[in-house]
Structures are given as C-alpha cells and as structure tokens.
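Structure, as structure tokens:
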Number of protein chains: 2
Amino acid sequence: MPRTVAERQDVIPILAEVFRRYGYEGASLSRITEGTGLGKGSLYHFFPGGKEEMAAAVLAHIDDWFQRQVYTPLRQAGSPYEGIAAMFDAVCRYFLSGRKVCLVGVFALGNERDRFAQAVSGYFRDWAGALAMALENGGLASTPARDLAEEVVGGVQGALVLARAWDDPQVFSRMIRTLRERALAVIARTDATPDALPSRAAG
Amino acid sequence: MPRTVAERQDVIPILAEVFRRYGYEGASLSRITEGTGLGKGSLYHFFPGGKEEMAAAVLAHIDDWFQRQVYTPLRQAGSPYEGIAAMFDAVCRYFLSGRKVCLVGVFALGNERDRFAQAVSGYFRDWAGALAMALENGGLASTPARDLAEEVVGGVQGALVLARAWDDPQVFSRMIRTLRERALAVIARTDATPDALPSRAAG
DNA sequence: GTCTATAAAGCGATAGAC
DNA sequence: GTCTATCGCTTTATAGAC
C-alpha cells in the first residue's frame, strides 16, 4: 500500500541529508529509499534521470536557499555592515554551527566536481562576488575586497573541515567569529572615516 | 606472467593518487588495479585487510611526510620565522599550489571520518599544534597563537576547496600568500621589539 | 609475488501490476 | 504515485594455479 502521497519538493531536503551524510557515491539508492521512505518506483517517478538528477535537484535547492538567504541580503541590505552581519548569521544557522557539512564543498573536492561543474563553481562565485561587492560598497578597493571575500568564503569551508575533523563545533564558531570581526571591522572603520570613502554615486 | 616484482612501499603513493582522485568509495579495486598495474592477488598480498588497509597505509604515509617535512621543521627550525616560512613552502610544494587536494580533508568531510577518526583528527591536531607552538615561541600568547594556527590550517583547506571549485590554482597561491604574510608578520613584529617578548629560557 | 576464476552481495535502472 | 520483481553490471573478497 502507498504510505503517503509525497511531493517532489518535500523529498529534496531529505535527499540533501543523505548526500551530505554519505557523499555522492556512498548515497546508494537503498540508503535513499531508507531515508526518504520511498521506493525506487516513486524516486524514478520524481527524478527520471536517477541519482544524477537527484543530486542536481539538491544543488539547485541549495543555490535557491543561498540566493534568498545570503546573496540577496548581501546585495540589498540597508548597509554593507548589516548585509555582511546577516550573511554570517545565515551561514551559522545553515551549517548548524559546524555540525553540518557543505555539500558543494564536498562535491568540489571530489570527483563530482566535473559532473556538476557549473553548480559548484557558480555557488562560490556568487557568494564571493556578492560579498566582495558589499565590501566595495563599504569602502574597500576592488582587489582587497575580492581577497577578503575569498578569505571569508574559503575560511568557512576550512572551518567546516576542522570542525568535522575534531568533531568540535566550537572551533567552527571560533573561526567564524574571527572572520566576521575582520570583515565588519573593515566596514566599520571606513564608516567611521567617511572622508576616506571613494565617491560612490554621490547624487 | 608477473610484470615486475613490486614492493608494498612503492604502491602506497600510487594508491594515494587513486584515493585522491576518486575518493574512498569511488576508488574501486578495478581502478586501483588499473592505477597500480597490480592484480587483486598482489594487492591483497600487500594489504590483507583490503581497501580499508590500503587507505590506512596511505594516511600513515601522509602523516609520515608531514611529520618530517612540516611539523619537525616547525618545531626545530633555527627561529619560529624560518620554521613557519618552511612550513608554507612545504605545503605549497605538497599540494602542487592547489592542483592536488588534501585527502585527509576529504576524509574529514565524508563518511570516512569515523572509520579513520584517529588519523584524521591527529593530522590536523599535530599540524595546528606545531604551528601554535612556533607562534608562541615567536612571542604570541597561548590563545591568539592557537586561533591563528587554526586560521592558517583551516585556511589551507578552504583554499583547496576554492581552487578546485574554480579550477584555478591562482586563488590557492593568493590565499596562501595572505596567510603566510599574516603569520610571519606577527613573528617579525615581536622579533622587532624584543623587550615585548616573554622570558623564554633566558639562560 | 602475481595471476585468473569465481563467489556472493550490492549497485543503478527498468518494467509492469495496482 | 507507489510498489515489487527483475535485469545486467560492478563491487569486494577469496581460492588456487603458477
């Protein structure tokens, strides 16, 4: 008997958990079946392309979340300071303070990078790009803004590695706090000395 | 006919490459056979424990390399400055400036962490520990030394993620240079003001 | 020390009943 | 939309010849 009529949309977050837990290769259909409570028939009904389509759907879901919760605030917040602060809050929430890994980061390091190249590179490109833009709006020049953005986005990935390696969420929180203070200090400093700001559409 | 009489020692670096390339789950025996040129008979002769023993041997080999090329220089160099500089040089060499991923980092993020928990946590513990000690010898207090060491060791992992995601070794070199300058600046600064140094065995 | 043959289990994917 | 049965292939591991 059919247990419950599911919707494709509801399955994706569970798929994400399975992929995060076992990786792409390790996420077998039997484990996916176990996690979702759906048989292969239902899974292939929702995702005719099989496992690859499931992973692609998960990546699209992640991208959507970050677009709305991270990049948009970064681009449209009242001030660069608020946008960057909101970004760090969202990131800590998302990764459960280091208890959850970044699937895109895992894919980037593994063989999956080539198969999902666009989603993987786009995720980090959008993130670092939006952050660099906010830093520029905060008064930084182009190159240091790009460098600091890369340092922050890469730093989050490194913090996740250490937190997993040591099974210690505290190291994640500690490293994020350092990154946050460094990024906000740059903005705050330029805000405190407005005469040092470059002309930004002073109309 | 037996192609060449191999030694276990010679096989390990090749195994490392295969694991790095395909991950633990993706490194099938057929791929290992292909990479090493050895049949299953030879592989199980060298590693009776199968794939798990192969991966453990690779991790031990990596640990050995870092002990001799990174941690020991860090602990025994003429000065903290030289030790830290040597560490960054060795790291850039080892990861081929971002073209090679860190297998321990990959294992840390994946399901393999639990199976190889000691090797994974020990790798980062030893690295961050030796670096923190060098920074303390350079004049830093205990807590900032630990924080900066975690920032550097985690930063390397993050740089590898971004370099892979964008398929761009330059971003690795750029991020490493920033980390290097930050770490060395702290040492150089304390060396320039020796009166600010804590008493360190002034006999 | 190396190989081939083989076993048993698991894989992704499909077909078709309901 | 969900299930079960099944296909063909690959997997890890073992056995035994050389």
Side-chain angles (χ1 to χ4, degrees), chain A residues 1-59 61 103 106-107 110-116, chain B residues 1-59 61 103 106-107 110-116:
Chain A
M1 61 207 160
R3 320 181 133 253
T4 320
V5 176
E7 293 196 28
R8 190 188 134 111
Q9 183 190 350
D10 303 325
V11 183
I12 294 178
I14 308 177
L15 288 177
E17 284 306 302
V18 178
F19 280 118
R20 247 187 276 271
R21 191 168 163 74
Y22 298 107
Y24 184 76
E25 305 259 11
S28 66
L29 286 189
S30 71
R31 286 207 244 246
I32 293 173
T33 288
E34 184 190 21
T36 58
L38 290 173
K40 296 180 190 180
S42 301
L43 290 171
Y44 275 90
H45 174 74
F46 290 133
F47 309 95
K51 225 170 91 164
E52 179 157 352
E53 189 176 339
M54 299 182 208
V58 168
L59 289 175
H61 187 255
L103 188 63
V106 174
F107 277 19
N111 208 232
E112 302 80 24
R113 180 199 58 168
D114 298 328
R115 205 194 288 243
F116 305 105
Chain B
M1 61 209 162
R3 321 181 132 251
T4 320
V5 176
E7 292 196 28
R8 191 187 132 113
Q9 182 189 350
D10 304 324
V11 183
I12 294 177
I14 307 177
L15 288 176
E17 284 308 301
V18 179
F19 280 118
R20 246 185 278 271
R21 191 167 164 75
Y22 300 107
Y24 184 76
E25 305 259 10
S28 66
L29 286 190
S30 70
R31 285 208 245 246
I32 293 172
T33 288
E34 184 190 19
T36 59
L38 290 173
K40 297 179 191 176
S42 300
L43 290 170
Y44 275 90
H45 173 73
F46 290 133
F47 309 96
K51 225 169 89 164
E52 178 158 352
E53 190 176 338
M54 297 182 210
V58 167
L59 290 175
H61 186 255
L103 187 63
V106 174
F107 278 18
N111 207 233
E112 301 80 23
R113 181 198 59 169
D114 298 329
R115 205 195 288 245
F116 305 106

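Throughout, protein chains are lettered first and strands after them, A, B, ... in sequence-line order, and every chain is numbered starting at 1.
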Write down the distance between [atom1] ([X]) and [atom2] ([N]), rounded to a whole number of angstrom.
X       : N      : atom1 : atom2 : value
A:Lys40 : C:dT14 : NZ    : C1'   : 10 Å
B:Tyr22 : D:dT10 : OH    : P     : 15 Å
B:Glu53 : D:dT12 : CD    : C1'   : 15 Å
A:Glu25 : C:dG10 : CD    : P     : 18 Å
B:Lys51 : D:dT11 : NZ    : P     : 9 Å
B:Phe47 : C:dG1  : CZ    : C1'   : 14 Å
A:Leu43 : C:dG12 : CG    : P     : 11 Å
A:Tyr44 : C:dC11 : OH    : P     : 12 Å

- Message: Between A:Arg31 and A:Glu34 (salt bridge meaning N to carboxylate O under 4.0 Å), is one present in this structure?
- Response: no

- Indicate the ring-plane relationship of A:Phe19 and A:Tyr24, choosing parallel, tilted or perpendicular according to the 30° and 60° boundaries. parallel

- Closest to the B:Leu29 side chain, choosing from D:dT12, D:dG1, C:dA13: D:dT12

- Think B:Ser30 has a side-chain N or O under 4.0 angstrom from the OP1 or OP2 of D:dT10? no

- Message: Looking at C:dC11, I'd like to know if its phosphate oxygens (OP1 or OP2) sit under 4.0 Å from a side-chain N or O belonging to A:Ser28.
- Response: yes

- Item | Distance-minimising heavy-atom pair for B:Ala55 and B:Phe107 | CB-CE2, 4.3 Å

- Message: So B:Gly41, base contact, sugar-phosphate only, or nothing? Heavy-atom distance under 4.0 Å.
- Response: base

- Task: Give B:Gly50 one of three labels, base, sugar-phosphate or nothing, depending on what nucleic acid heavy atoms sit under 4.0 Å from its own.
- Result: sugar-phosphate

- Taking atom CZ of A:Arg21 as the centre, does the number of heavy atoms from other residues, nucleotides or ligands within less than 6.0 Å exceed 12? no

